[in-house]
Amino acid sequence: MSNPIRFDLSQPLPAEMQGRWVDVCEPDSELVVAGSQVSYRGMPVRHDHFVVDRIEGALRVDLGIDDTDLERADSFARENVTSLVVDPEGRFHAYNVKFASQFERAPS
């Protein structure tokens with residue numbers, strides 16, 4: 001059973017997700033998690049909150065906006081990373097409604 005917890009941006013995303021990451025299939029694609037901020041391919045994800053959940057051994061973070069405008073919510077879901085997952089084997093994934101990628105820590 002999961003127990004999702006919602007956080008505002010004054011709190012950091014989980015420690016397991018912090019840092020610089022590169023796409024395993026496209027090494028030029030970088031994902032950065034710094035505190036509560038996320039950027040993908042050099043563009044910040046402009047989210048208002050995030051929800052942390054543990055589901056069957058996976059750590060999942062869903063990024064969200066507080067806007068009730070359905071068109072803006074749809075645009076957000078299509079144009080941004082909306083979910084981050086560390087699977088039970090420790091692999092890190094990011095996705096939205098249009099793509100999914102696996103990431104590994106960027107070399108120092």
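Predicted model, so just to flag it, every value in this text is computed and none were measured.
Counting heavy atoms from C-beta outward, Asn96 and Arg78 have side chains that stay 4.5 Å or more apart. By the 4.5 Å heavy-atom criterion applied to side chains, Asn80 and Leu63 are not counted as neighbours. Between Leu9 and His47 there is a side-chain heavy-atom pair separated by less than 4.5 Å. Proximity of Arg91 to Val24: side-chain heavy atoms (C-beta onward) are nowhere separated by under 4.5 Å. Taking the side chain as every heavy atom from C-beta outward, His93 and Phe103 never approach each other to under 4.5 Å. Side-chain atoms of Val33 and Val61, non-hydrogen and from C-beta on, never get closer than 4.5 Å to each other. Inter-residue side-chain proximity for Val86 and Met17 is flagged as met; some heavy-atom pair is nearer than 4.5 Å. Counting heavy atoms from C-beta on, the side chains of Val52 and Pro4 never come closer than 4.5 Å.
Atom CD of Glu89 sits in a crowded spot, with more than 12 heavy atoms from other residues, nucleotides or ligands closer than 6.0 Å.
Between Tyr40 and Phe99, the ring-plane angle classifies as parallel under the 30° and 60° cut-offs.
Considering CZ of Phe92 and CG of Asp23, their distance stands at 11.5 Å, rounded to 0.5 Å. The distance from the CH2 atom of Trp21 to the CD atom of Gln102 is 10.0 Å, given to the nearest 0.5 Å. Rounded to the nearest 0.5 angstrom, Arg6 CZ and Asp48 CG are separated by 8.0 Å. Interatomic distance, Arg20 CZ to Glu104 CD, rounded to the nearest 0.5 Å: 12.0 Å. Distance check, rounded to the nearest 0.5 Å: CG of Asp87 to CD1 of Ile55 gives 12.5 Å. Rounding to the nearest 0.5 Å places CG of Asp53 at 8.5 Å from CD1 of Ile5.
The two residues Ala77 and Val97 make their nearest non-hydrogen contact at O-CG2, 3.4 Å. Of all heavy-atom pairs between Leu59 and Pro14, the closest is CD2-CB, 3.7 Å. Nearest heavy atoms, Val81 versus Ala94: CG1-CB, 4.0 Å.
Not a single donor-acceptor pair under 3.5 Å links the side chain of Gln11 to the backbone N or O of Ser36. Side-chain N or O atoms of Ser29 include none that pairs as donor or acceptor with a backbone N or O of Val22 at under 3.5 Å.
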